Structure formats: C-alpha cells, structure tokens
2 protein chains.
Amino acid sequence: MARTPTTHDPFNAVAEPKRRQLIQALGSKELPVNEIVALLGWNQPTVSKHLKVLKQVGLVGERRVGRQRLYRVNAERLKPIFDWVTPFERYWTERFERLDEVLEQMKKKGATT
Amino acid sequence: MARTPTTHDPFNAVAEPKRRQLIQALGSKELPVNEIVALLGWNQPTVSKHLKVLKQVGLVGERRVGRQRLYRVNAERLKPIFDWVTPFERYWTERFERLDEVLEQMKKKGATT
DNA sequence: TTGACATATTCCGATATGGGAATATAATAC
DNA sequence: GTATTATATTCCCATATCGGAATATGTCAA
C-alpha cells in the first residue's frame, strides 16, 4: 500500500502547504482562478490542479460564470480537523486558568483567607 | 518533486489515519510500545514505524526504561494545526451567537424596544 | 469562422510512502 | 554465555504525488 491519497480526506488534502495557502488566500472570498494565480504567483496549471484536489475533498466549491470559475472555501469540511485537534488545546494553552478560576471562586466563597 | 515527506511537519505526519489514532490512543498517558500494540491491535513493526515518524516531527517523545521505551504525546506540536484551522471555526459554529449576544446586549441597554 | 481569453488535462519523472516478512539490536534474567 | 523479552530496522513493491511543459477544452467577441 502507498500513502493515503490526498483526495481521501481533508487531513491529507491540507497536508500540502500550497493547499493550505490556497485555502487561506481564498478565505471567505469567492475568486476566479485568474486572481488566485495573480495573488499567489504560481502558474495556472498548478493552481488548477490544487483546486481540483480541494474540490474532490469538498474543501472548495466551484461556480461557473462565463469563462470563469469562481471558487470558494467550504469551511465545514475543516471541522473534522478542528474537532480532532481541539481536545489537545488544553495542553499548551493557559486555559489551565480555568482551573485557577475555579480555585479563585472557591477562595472568594470561603471569604476569609 | 514528490509529495511533502511525512516527516516534514505535523500536518503531514498527522495526515496518516493510523498516526492520528496513535496520538489519540496515547492521549496524556505514557505507554510502552508493548501496550500500544495491544491497544490498537497492529503488529509491532507497524507501531514502531509510525512512532518513528511521529518522533521525527516531534509529535511524540521517548523515554527509555529498561528494555522498554515509553512514548508520550508532545501536544504543543499540534498547535500549528490548531492555529491554522481555528480561524475557520466561525463558519460552522453557532458562535455567530456572539453576534447575537452583542445585539441582545444592545437591546437591553436601549431598553424600550 | 477566427481569435483571444480562462481554465483544465495530459504526459513525464523523481521521490516517498506504508505494509508485510524477516531480521537486527538492546536489555534483562538465568 | 544463552535464552527471552522489547523494540527497531531492513528489504521489497505497488502506488501516488507534485511540478513543469505542452496541450486541450470552453466561452465570449468581432
């Protein structure tokens, strides 16, 4: 067996740095390939190919208008990644402060020291 | 050029489903290869190989104790993924409710209608 | 039609992957 | 030293990948 295909799921699609850039560049805007090319400075086939992968995984949507194809991010498809990684947030965030908060609350309630 | 190597960054390392399972299985525990094998039901070389990749990217740490090697997750290395994906949360979460909250607040302040 | 513009596809090659099977290394016990 | 346990490494192979260059498709305009 080989590596999991890039089109298998959002995790694999987004492993490619350029594909992440692409998604970020799009943001909430809807852009024609044209402008993406200008924006990122890659050559057109490169952009089209990456868009194809992203479309196959459902990470972007496509709308045809005249000779153009307008692409937009389909953010919901990123949720699996978010959901998988979020539980680990507590290990690097100072949101251990939540614990501190609780302790602070208890102090207040207990009033005198 | 070929695909970005799995050992290049957390994104690529975690693209492999088994590697995600592995990380989840470890959680905050520290386990010897032994138990990981039992826990996941894969064969030992498979586990070792995946651990190797994860270690190279810094996603797990290793501690030697006797003949065993205890592995633990290095959660901070997941932060880049979290940071990249988090900005998109607003597109699928009902935390648009934040907006609603604000509007609600304004209503209250403005009192009458 | 012909041409120009917008985008997609094909062909190529170098490269790494992940699994299985077998084997190597390391550490402890006897 | 020898056996045993714990883990890592090597070899092999089918399979995708990404980029570049060239080319194909599609749509509008004159």
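Since this is a predicted model, take the numbers as computed values, not measurements. Quick note on labels: first sequence line is chain A, next is B, and so on, each numbered from 1.
- Contact annotation: A:Asn34 side-chain N/O to C:dT7 OP1/OP2 distance is under 4.0 Å.
- Between the side chain of A:Gln44 and the base of C:dA6 there is no donor-acceptor pair of N/O atoms closer than 3.5 Å.
- Closest to the side chain of B:Ser48, out of C:dA27, D:dG19, D:dA8, is D:dA8.
- Rounded to whole angstrom, the span from the CG atom of A:Leu70 across to the C1' atom of C:dT7 amounts to 12 Å.
- At a threshold of 4.0 angstrom between heavy atoms, the contacts of B:Thr46 are confined to the sugar-phosphate backbone, with no base atom among them.
- Using a 4.0 Å heavy-atom cutoff across all strands shown, B:Pro32 reaches sugar-phosphate atoms only and no base atom.
- Residue contacts shown for B:Gln68 are limited to sugar-phosphate atoms, with no base heavy atom under 4.0 Å away.
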**OP:** Dump the intermediate steps for side-chain contact (heavy atoms from CB on, under 4.5 Å) on B:Lys49 and B:Leu51, then the final yes or no.
**Re:** CA-CA 5 Å; B:Lys49 283 182 207 162; B:Leu51 282 171; over 6 Å; no

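- Contact annotation for B:Lys49: base contact, defined as any heavy-atom pair under 4.0 Å involving a base atom.
- Separating the NE2 atom of B:His50 from the C1' atom of C:dG18 is a distance of 6 Å, rounded to the nearest angstrom.
- Between B:Lys18 and C:dG19, a side-chain N or O to OP1/OP2 separation shorter than 4.0 Å is present.
- Phosphate contact (OP1/OP2 of D:dG19, side-chain N/O of A:Asn43, threshold under 4.0 Å): absent.
- Rounded to whole Å, atom P of D:dA8 lies 12 Å from atom CG of B:Leu54.
- Taken together through direct or relayed side-chain contacts under 4.5 Å among Ile, Leu, Val, Met, Phe, Trp and Tyr, B:Leu70 and B:Ile23 form parts of separate hydrophobic clusters.
- As judged by a 4.0 angstrom heavy-atom cut-off over every strand, A:Arg64 is placed among residues making no nucleic acid contact.
- If you take CG on B:Leu22 and CG on B:Leu40, they are separated by 6.0 Å, rounding to the nearest 0.5 Å.
- Of the candidates D:dT4, D:dT17, C:dG18, the closest approach to any side-chain atom of B:Ala2 belongs to D:dT17.
- At whole-Å resolution of the value, CG in B:Asn12 and P in D:dT17 are 13 Å apart.
- Projected onto DNA chain D by closest heavy-atom contact, B:Lys52 and A:Arg69 fall at different nucleotides, the more 5' of which corresponds to B:Lys52.
- In this structure, CE of A:Met1 is placed 11 Å from P of C:dG18, rounded to the nearest angstrom.
- Contacts of B:Thr6 with the nucleic acid, taken as non-hydrogen atoms under 4.0 Å apart, involve only primed sugar atoms and P, OP1 or OP2.
- B:Asn12 and B:Arg19 get closest at one heavy-atom pair: O-NH2, 3.9 Å.
- Place A:Glu35 and B:Glu16 on DNA chain C by their nearest nucleotides, and A:Glu35 ends up nearer the 5' end.
- Atom C1' of nucleotide D:dA14 and atom CZ of B:Arg3 are separated by 14 Å, given to the nearest angstrom.
- For A:Val65 and B:Tyr71, each mapped to the nucleotide of DNA chain D holding its nearest heavy atom, the one lying further toward the 5' end belongs to B:Tyr71.
- D:dT15 atom P lies 16 Å from atom NE2 of A:His8, rounded to whole Å.
- The interatomic distance linking A:Leu22 (CG) with C:dT7 (P) rounds to 13 Å, in whole Å.
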Original post:
Does the pair A:Arg3 and B:Thr6 meet the rule for a side-chain contact (heavy atoms from CB on, under 4.5 Å), with working shown?
Top reply: CA-CA 9 Å; A:Arg3 207 204 284 209; B:Thr6 53; 3.7 Å; yes

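- Distance OG1/A:Thr7 to NZ/A:Lys55: 13.0 Å, rounded to 0.5 Å.
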